[in-house]
Peer 1: 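Have a look at the structure that comes next, please.
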Amino acid sequence: HQRQRTPKDNKRHLRNLLSADLVPSFDSRILVVGAYEAGKTTLVENLIGNEIPRDRQSTDGIDVYFGKLLFDLMTQTLMQNPEGVHSFPKAIYQKVSSYLKSKKEEITVQESDVFSVKTQSDIPDDEVIQQLSESINKYSDSNDLRHREVIPIPVLDFAGQIVYHVTHQTFITSHGIYLITFNGSRNLDDPLSIGKGERIITILDNIRQWVSSILMYSHPDCKDYPKVMFVATHKDLVCQNEIPKRRSQLLDRLSACFTDEKTKSHLMLEKLVFVNARNNNEPEMEELKDSLSKTITENPHWEQQVPKQFLILEMLLARLVEEGTYIISHEDVEKLNTQMGVKPLSEAELDLFLRVQNNCGKMTYIEYPDLRNFIVINPTCLINVLKSIVTSIPATANLNEGRLTETDLIKIWSGEKYAHFLQHGEYFRHLLVHFDILSEIKRYDKESGKKISGDCYLVPCMIMNRNETTFVERHLISSRCVGFVFEFKALDVPDAIPSRLIACVISIWNIRRHEHVELLFPDFVAVVLDRKHDLVVKTERNTVAVYIVHKERKELIIKDLASSVRQCLEQNLARISEVYSVSFTSKVTSKKYVPFELKLKHGCLSQGCLLDAGDIGGIKTEWICENHGYKTPKSDLDIWYTDRTVLECTDSCQGILDAALSMLPNDAQLLRLCNCLTKEEVRSLAVNLGISNPEFDAIDADSTSMLKFYSLRICREKNKSCKDFVKAMEAAEINGHTMCQVLIQYVDHAVMISD
């Protein structure tokens with residue numbers, strides 16, 4: 001029998017613990033993901049020892065449980081703590097309390113290649129020690145845990161509806177164990193239950209999407225981490241004697257699905273856990289906990305030695321959370337760093353601490369100009385910010401349009417539940433854009449070209465309307481359009497990337513209306529290029545399909561317009577296909593580019609009938625579809641790669657008709673002109689049209705193609721006609737006949753149509 005530890009003991013032990021340079025860090029978490037109705041919440045309730053709900057309950061966004069699942073350092077096993085207090089600060093203090101209970105007389109300092117921080121052997125002053133020990137005493141363990149060394153393991157339960165998918169990347173890091181849950185009583189090729197507006201996918205599609213997202217958004221600090229386990233549920237719906245066969249079939253199918261060695265190193269496919277999560281005595285739940293326990297201790301970051309300042313700051317921040325603070329400035333953290341009573345961390349060391357805490361899910365710290373000045377120190381705060389968007393939009397905005405203005409956001413956050421977000425509204429708006437919950441529809445001032453801040457946002461996950469118009473049947477047909485696809489090399493691509501591209505398209509062109517309906521739907525948008533041409537962008541699994549549609553027939557599509565659109569979208573997709581992942585240890589944020597290839601669509605427009613863009617040269621007159629026998633003229637393929645030399649006039653050119661010269665150039669013509677000129681040529685042209693060099697440099701654009709386009713559009717908004725453009729090109733020593741070719745096809749097409 002051990003003597004009950006007193007508050008004075010805690011204070012003394014804490015002082016002893018913090019007398020060392022380095023202290024151990026025990027941090028892990030379990031993230032349960034999967035499809036809607038897969039049984040995730042029931043699995044979580046069983047795992048943590050809560051009462052298992054009899055009725056199906058839908059998770060609203062993400063639920064997180066602190067202090068309900070503990071890791072016993074002595075037995076090296078997970079244990080349930082259903083009576084534990086659900087509190088983030090409590091979990092921090094409970095972890096430190098376990099450090100104090102350690103029977104080790106002194107902490108072993110291990111050399112670490114990761115944490116090369118040097119500290120001096122100093123001890124916090126009495127005031128700091130008193131504050132921290134009081135917090136630990138306040139959350140003293142119950143009698144059955146009083147003499148155990150236990151570490152709380154947070155458990156996150158992710159909602160499975162597609163509408164929530166884009167929010168999940170916010171919590172995905174390399175730090176943790178992922179349980180991908182699915183209904184094992186069904187075939188993996190069965191379609192999932194879907195809500196209004198959601199695209200139909202199979203169970204296996206959902207599993208692959210989760211694996212792709214987890215590995216995409218995780219920084220590879222360690223070769224084989226994070227670890228991903230698969231859990232099949234609904235075992236009670238399978239006949240007892242069929243369970244072994246069913247398990248084997250599922251495991252074989254999963255193994256066959258993931259063949260890439262790099263991906264397989266993260267997946268635990270040695271055995272498939274198959275459970276009836278509704279059964280409190282399910283034997284395989286113990287197997288699952290054993291496997292989780294083993295995986296936790298095998299992670300090289302477990303029991304990592306860190307500077308004692310990390311632990312002190314962690315407790316001081318937990319005190320602030322306990323007092324109701326959810327967000328603080330970077331400046332406040334710097335001040336706190338100097339108030340620890342020990343040598344403060346250097347600037348680089350403090351940033352390392354913030355990155356580690358972010359990666360462990362204890363705070364949100366993003367090292368970007370618009371975000372790094374504030375840190376969200378209460379992890380449940382970010383969950384509530386996401387819920388405020390996904391849950392509250394129906395009451396405050398047009399849900400079907402999937403768009404949100406700054407006024408809408410203010411209205412959402414003016415309610416009693418979310419009012420505290422308003423104080424830092426600008427920060428949270430930037431954060432939601434960073435995590436792709438909102439995609440900014442960028443609008444630009446017509447006079448200056450500067451971006452108009454906070455004008456409008458696209459909320460991709462909230463676009464619910466199904467396309468019930470006849471637009472696709474009437475216009476997206478072989479006789480009227482040509483197309484190509486951006487095909488991603490990954491079989492499953494994070495939803496955020498095509499959503500960014502759609503937001504980019506909407507920023508440039510106006511959405512097409514058809515049958516009194518705006519053509520913006522889940523994974524689909526149609527915009528107006530000019531009076532005769534529409535552009536359609538459509539997501540099809542791991543591809544983004546792009547079509548140019550002519551109102552009459554595809555033979556009238558202007559060639560260099562198609563080439564300009566292709567170049568514009570390709571450059572923008574290359575930029576927005578960046579996926580950022582934060583390292584657990586590195587000072588550098590990793591940029592991953594999701595690789596893609598451009599392939600041309602056959603005239604039959606079937607999803608699988610594609611030609612590599614590099615193979616156009618091998619086609620002489622036509623490309624015959626092997627599947628449908630459709631003959632696609634080579635001109636339909638060449639249209640996407642019009643050579644710049646085509647935009648040169650012959651000696652017999654008589655110039656442009658006066659009627660055409662008097663018009664203002666439209667957006668499609670400006671885009672084609674940009675495609676013919678370099679950035680410096682556009683600068684010179686713009687200067688001769690009345691824009692100064694400082695004004696040109698101040699234009700806020702994400703890519704060179706957009707910079708060129710916006711600068712010329714500003715000139716057009718100053719009522720500069722085509723004649724003004726021709727004169728400015730002559731002054732800039734640019735071949736004025738380039739403008740001939742930009743305009744002549746419109747004149748020719750007008751004559752052809754009128755005839």
Side-chain angles (χ1 to χ4, degrees), residues 2-27 66-67 73 84-85 87-107 109 117 119-143 145-152 305-329 331-346 349-350 353-354 356-357 362-363 375 377-379:
Q2 297 182 16
R3 178 178 68 84
Q4 183 171 328
R5 194 172 56 186
T6 66
K8 188 176 292 186
D9 291 333
N10 279 339
K11 184 175 180 180
R12 185 178 70 254
H13 293 322
L14 183 61
R15 186 186 299 277
N16 291 338
L17 175 69
L18 298 179
S19 65
D21 286 348
L22 301 178
V23 296
S25 174
F26 296 92
D27 285 299
F66 296 107
L73 292 175
V85 178
S87 162
F88 170 66
K90 155 73 174 175
I92 300 298
Y93 301 140
Q94 191 171 36
K95 177 182 75 170
V96 178
S97 179
S98 292
Y99 296 170
L100 304 184
K101 295 173 189 175
S102 175
K103 294 181 175 60
K104 299 178 183 178
E105 294 184 0
E106 58 183 29
I107 300 170
V109 179
V117 183
T119 65
Q120 68 179 35
S121 295
D122 48 359
I123 304 173
D125 56 38
D126 282 342
E127 183 179 352
V128 174
I129 291 290
Q130 183 65 32
Q131 287 179 359
L132 299 180
S133 60
E134 285 176 359
S135 297
I136 295 171
N137 296 333
K138 182 177 178 180
Y139 290 101
S140 58
D141 289 326
S142 57
N143 288 331
L145 295 177
R146 193 172 299 279
H147 302 298
R148 287 177 177 263
E149 300 172 29
V150 291
I151 304 296
Q305 298 291 318
V306 300
K308 63 185 172 189
Q309 287 92 332
F310 282 28
L311 187 61
I312 298 171
L313 276 176
E314 190 175 352
M315 287 190 286
L316 291 176
L317 291 170
R319 276 180 64 91
L320 292 177
V321 174
E322 188 180 8
E323 294 168 0
T325 303
Y326 62 93
I327 182 173
I328 61 175
S329 68
E331 184 179 357
D332 288 335
V333 174
E334 291 171 350
K335 290 179 181 177
L336 203 61
N337 181 39
T338 64
Q339 298 168 358
M340 294 186 293
V342 295
K343 179 185 177 183
L345 297 171
S346 67
E349 293 165 354
L350 182 60
F353 164 76
L354 294 173
V356 170
Q357 295 293 300
K362 299 176 188 176
M363 64 171 57
I375 299 110
I377 59 174
N378 186 340

Peer 1: Counting only heavy atoms not in E331 (residues, nucleotides, ligands), do more than 12 fall under 6.0 Å from its CD?
Peer 2: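 No - once you tally the heavy atoms of other residues, nucleotides and ligands closer than 6.0 Å, there are 12 at most.
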
Peer 1: Does the Q309 side chain pair with the main chain of K343, one donor and one acceptor, at a distance under 3.5 Å?
Peer 2: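 Indeed, once roles are kept as given, a pair shorter than 3.5 Å links the two residues.
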
Peer 1: Would you check if M340 and V128 make a side-chain contact, meaning some heavy-atom pair closer than 4.5 Å?
Peer 2: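 Contact flag for M340/V128 side chains = no.
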
Peer 1: Is any side-chain heavy atom of D332 closer than 4.5 Å to a side-chain heavy atom of I375?
Peer 2: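 A side-chain contact is absent here, since even the closest heavy-atom pair is not under 4.5 Å.
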
Peer 1: Atom NZ of K95 and atom CZ of F26: how far apart are they, to the nearest 0.5 Å?
Peer 2: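 Interatomic distance, K95 NZ to F26 CZ, rounded to 0.5 Å: 9.5 Å.
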
Peer 1: Could you give the distance from OG (S329) to NZ (K335), rounded to the nearest 0.5 Å?
Peer 2: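 Here the interatomic distance stands at 7.0 Å.
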
Peer 1: Quick one: pull up CD1 in I312 and CD in E314 and give me the separation to the nearest 0.5 Å.
Peer 2: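 If we round to the nearest 0.5 Å, I312:CD1 and E314:CD are 11.5 Å apart.
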
Peer 1: Quick check: do Q357 and F310 have side-chain heavy atoms less than 4.5 Å from each other?
Peer 2: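 Result no, sub-4.5 Å side-chain heavy-atom pair not found.
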
Peer 1: Locate the shortest heavy-atom distance separating A91 from P152; write the atom from each residue and the value.
Peer 2: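 Smallest interatomic distance, heavy atoms only, reads O-CG, 3.5 Å.
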
Peer 1: Look up atom CG in L354 and atom NZ in K362, then write down how far apart they are to the nearest 0.5 Å.
Peer 2: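 Spacing of CG (L354) from NZ (K362) equals 12.5 Å.
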
Peer 1: Would you say that M315 contacts L14 through its side chain, given a criterion of any heavy-atom pair below 4.5 Å between the two side chains?
Peer 2: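 Result yes, sub-4.5 Å side-chain heavy-atom pair found.
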
Peer 1: Any non-hydrogen side-chain atom of P24 less than 4.5 Å from a side-chain atom of Q305?
Peer 2: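 Yes, side chains in contact.
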
Peer 1: Got a second to check how far F353's CZ is from L345's CG, nearest 0.5 Å?
Peer 2: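 Going from the CZ atom of F353 to the CG atom of L345 covers 8.0 Å.
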
Peer 1: Any side-chain heavy-atom pair from I377 and V333 closer than 4.5 angstrom?
Peer 2: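 Counting from C-beta outward, I377 and V333 never come under 4.5 Å.
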
Peer 1: So how far is it from I92 CD1 to R319 CZ, rounded to the nearest 0.5 Å?
Peer 2: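 Going from the CD1 atom of I92 to the CZ atom of R319 covers 14.0 Å.
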
Peer 1: Would a 4.5 Å heavy-atom cut-off, applied to side chains only, mark V23 and V306 as touching?
Peer 2: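 Side-chain contact under 4.5 Å: yes.
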
Peer 1: Looking at V342, L316, L313, which hits side-chain contact (heavy atoms from CB on, under 4.5 Å) with N337?
Peer 2: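 Among the candidates, only L313 passes.
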
Peer 1: Give me the atom names and distance for the closest heavy-atom approach of Y93 to A318.
Peer 2: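 Answer, listing the atom of Y93 first, then A318: OH-C, 3.5 Å.
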
Peer 1: Just wondering, do D27 and I151 contact through their side chains at under 4.5 Å, heavy atoms?
Peer 2: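 Side-chain contact under 4.5 Å: no.
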
